[in-house]
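Here the structure comes first, spelled out in structure tokens, and everything after it is commentary.
Here, residue 1 is the first one in the sequence, and each next residue gets the next number. These numbers come from a predicted model, not from an experiment.
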Amino acid sequence: MCGDARNWDEDAYRESILKEREIQTRTVFRTVWAPSLNPNPNPETIVAASSDGSIASYSISSCISKLQSFRNTKAQHLLVAEPDYFVQGHDGPAYDIKFYGDGEDALLLSCGDDGRIRGWRWKDFTNSDVPITLQGKQMKPVLDLGGSIFSASGDSCAYCWDVETGKLKVVFKGHSDYLHCIVARNSANQIITGSEDGTARIWDCKSGKCIQVIDPAENTKLKGFSCVSCIALDGSESWLACSSGRCLSIWNLPASECISRTSTRASVQDVLFDDNQILAVGAEPLLCRFDISGAILSQIQCAPPSAFSVSLHPSGVTAVGGYGGLVDVISQFGSHLCTFR
């Protein structure tokens, strides 16, 4: 084997290797469907928050189109998607993102390992004329809506912030270890938190006091072993799904009663309700669907070897994001629409 090495660029080669390694080890911690700007009910744009601190949006129709052109090659499993919009949101991993509001007035909220909560005008993303290579540096965060943001932190406390002023309103103290998750129960003016201490707690937002402690491992062998890694409320805010290691429990909040406990093969790392069913992903390449009694209804193989995020579009399309920077988009019928990183 021979070749001309006179123009060999060692620095460029090293940079390409490092970039490829960075892509392969990047983790998508959260995916969220962008609000639609037109009457089309089909999902179009998904936004991903990743371990490199980036927040990027991708066109699903563009990914599907590219995938179809590679149908007869191995590239269909390794589609590298170019984002439509991109910002370097945080110094360190970006752990969570959420849309507040609808349409062009929507605000994209993000939080990261740098301890910052930032808000981005979605219309600034969609109307940007700045080249994608420059967006990460030129797009600036804003906070311009009234209301409150609730955040969970590593100091065992939860916080309520005034979005308009950026000032701290309430501190929720009571957990004895790191907080992993938080959801708002708007109908009762409450929040629910999950912690490394193995409990979930329900808090009154006005007083900041804990009004109920939920122990998923109570009267089980998991006692003192597993943390509460993720929680989810259903649409009525009467049912709570709670993950503790390899156990998924379902709680009826009005009755303060655990309805079911289900053992899972791997730790559950994200969970959500789809009407009266539960979708869960975790430390194995599976998207699992359970009924309210904890019975498994289906299991779908997904691309990320370890999944940290599952999000559901109103049309029934599901996105699973996780290790390797992979996002797997699955139709309401269980077929894989596209997989990209």
Counting distance only, does the side-chain N/O of [X] pair as donor-acceptor with the main-chain N or O of [Y] below 3.5 Å?
{"X": "Asp197", "Y": "Ser176", "result": "yes"}
{"X": "Arg201", "Y": "Gly194", "result": "no"}
{"X": "Asp275", "Y": "Gln277", "result": "no"}
{"X": "Thr262", "Y": "Gly294", "result": "yes"}
{"X": "Glu237", "Y": "Ser187", "result": "yes"}

Applying the 4.5 Å side-chain criterion to the ILVMFWY set and letting contacts propagate, would [X] and [Y] be lumped into a single cluster?
{"X": "Val329", "Y": "Val320", "value": "no"}
{"X": "Ile182", "Y": "Leu109", "value": "no"}
{"X": "Phe308", "Y": "Val310", "value": "no"}
{"X": "Ile278", "Y": "Val281", "value": "no"}
{"X": "Tyr159", "Y": "Tyr100", "value": "yes"}

To the closest 0.5 Å, what do you measure between [atom1] ([X]) and [atom2] ([Y])?
{"X": "Trp251", "Y": "Ile202", "atom1": "CH2", "atom2": "CD1", "result": "9.5 Å"}
{"X": "Lys169", "Y": "Cys160", "atom1": "NZ", "atom2": "SG", "result": "4.5 Å"}
{"X": "Leu233", "Y": "Ile191", "atom1": "CG", "atom2": "CD1", "result": "11.5 Å"}
{"X": "Asn252", "Y": "Trp239", "atom1": "CG", "atom2": "CH2", "result": "4.5 Å"}
{"X": "Cys111", "Y": "Ile149", "atom1": "SG", "atom2": "CD1", "result": "9.5 Å"}
{"X": "Leu107", "Y": "Arg118", "atom1": "CG", "atom2": "CZ", "result": "13.5 Å"}

With a 3.5 Å cut-off and no angle check, do the side chains of [X] and [Y] form a donor-acceptor pair?
{"X": "Ser293", "Y": "Ser260", "value": "no"}
{"X": "Thr199", "Y": "Ser195", "value": "no"}
{"X": "Gln88", "Y": "Ser54", "value": "no"}
{"X": "His313", "Y": "Thr318", "value": "no"}
{"X": "Arg26", "Y": "Ser51", "value": "no"}
{"X": "Ser306", "Y": "Gln269", "value": "yes"}
{"X": "Glu44", "Y": "Ser61", "value": "yes"}
{"X": "Ser243", "Y": "Ser229", "value": "yes"}
{"X": "Ser151", "Y": "Trp161", "value": "yes"}
{"X": "His336", "Y": "Asp328", "value": "yes"}

Can you find a pair of side-chain heavy atoms, one from [X] and one from [Y], that are under 4.5 Å apart?
{"X": "Glu284", "Y": "Thr264", "answer": "no"}
{"X": "Val327", "Y": "Arg341", "answer": "no"}
{"X": "Ile214", "Y": "Leu240", "answer": "yes"}
{"X": "His90", "Y": "Asp113", "answer": "no"}
{"X": "Ser50", "Y": "Phe29", "answer": "no"}
{"X": "Asp177", "Y": "Cys227", "answer": "no"}
{"X": "Val271", "Y": "Leu279", "answer": "no"}
{"X": "Trp33", "Y": "Ile60", "answer": "yes"}

Flag if over 12 foreign heavy atoms under 6.0 Å of CG, Asp291: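 Buried by this count: over 12 neighbours within 6.0 Å.
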Inspect the surroundings of CG in Asp114 and state if more than 12 heavy atoms from other residues, nucleotides or ligands are less than 6.0 Å away.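 Yes, the 6.0 Å shell around CG holds more than 12 heavy atoms from other groups.
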Quick one: do Asp274 and Arg289 make a salt bridge, cutoff under 4.0 Å?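 Yes.
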Salt bridge between Asp162 and Lys167, side-chain N to carboxylate O under 4.0 Å?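 Looking at Asp162 and Lys167, the cut-off is not met.
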Working note: Gln212 + Ser256, criterion side chain to side chain contact (heavy atoms under 4.5 Å, CB included); need CA distance, chi angles, decisive distance, verdict. CA-CA 9 Å; Gln212 184 180 348; Ser256 299; 3.5 Å; yes
How close do [X] and [Y] get, heavy atom to heavy atom, and via which atoms?
{"X": "Cys63", "Y": "Phe340", "value": "SG-CD2, 3.8 Å"}
{"X": "Asp270", "Y": "Ser309", "value": "OD2-CA, 3.3 Å"}
{"X": "Val47", "Y": "Leu108", "value": "CG1-CD2, 4.0 Å"}
{"X": "Val228", "Y": "Ser244", "value": "CG2-OG, 3.8 Å"}
{"X": "Ser249", "Y": "Arg261", "value": "CB-CG, 3.9 Å"}
{"X": "Phe273", "Y": "Asp234", "value": "CD1-N, 3.4 Å"}

Can Leu337 and Val317 be said to form a side chain to side chain contact (heavy atoms under 4.5 Å, CB included), step by step? CA-CA 9 Å; Leu337 297 176; Val317 176; 4.1 Å; yes
List the steps and the verdict of side chain to side chain contact (heavy atoms under 4.5 Å, CB included) for Leu253 and Arg185. CA-CA 11 Å; Leu253 296 182; Arg185 193 184 184 198; 3.7 Å; yes
Hey, what's the ring geometry for Phe150 with Phe172, parallel, tilted or perpendicular (30° and 60° as the breaks)?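 Answer is tilted, since the angle falls between 30° and 60°.
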Relative to each other, are the rings of Trp122 and Phe99 parallel, tilted or perpendicular (30° and 60° limits)?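 The rings of Trp122 and Phe99 stand perpendicular, inter-plane angle above 60°.
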Passes side-chain hydrogen bond (donor to acceptor under 3.5 Å, both in side chains), Ser311 versus Thr31? Steps please. CA-CA 6 Å; Ser311 54; Thr31 56; 3.0 Å; yes
Pair Phe290, Leu248 - check side chain to side chain contact (heavy atoms under 4.5 Å, CB included), show working. CA-CA 10 Å; Phe290 301 87; Leu248 180 65; 3.8 Å; yes
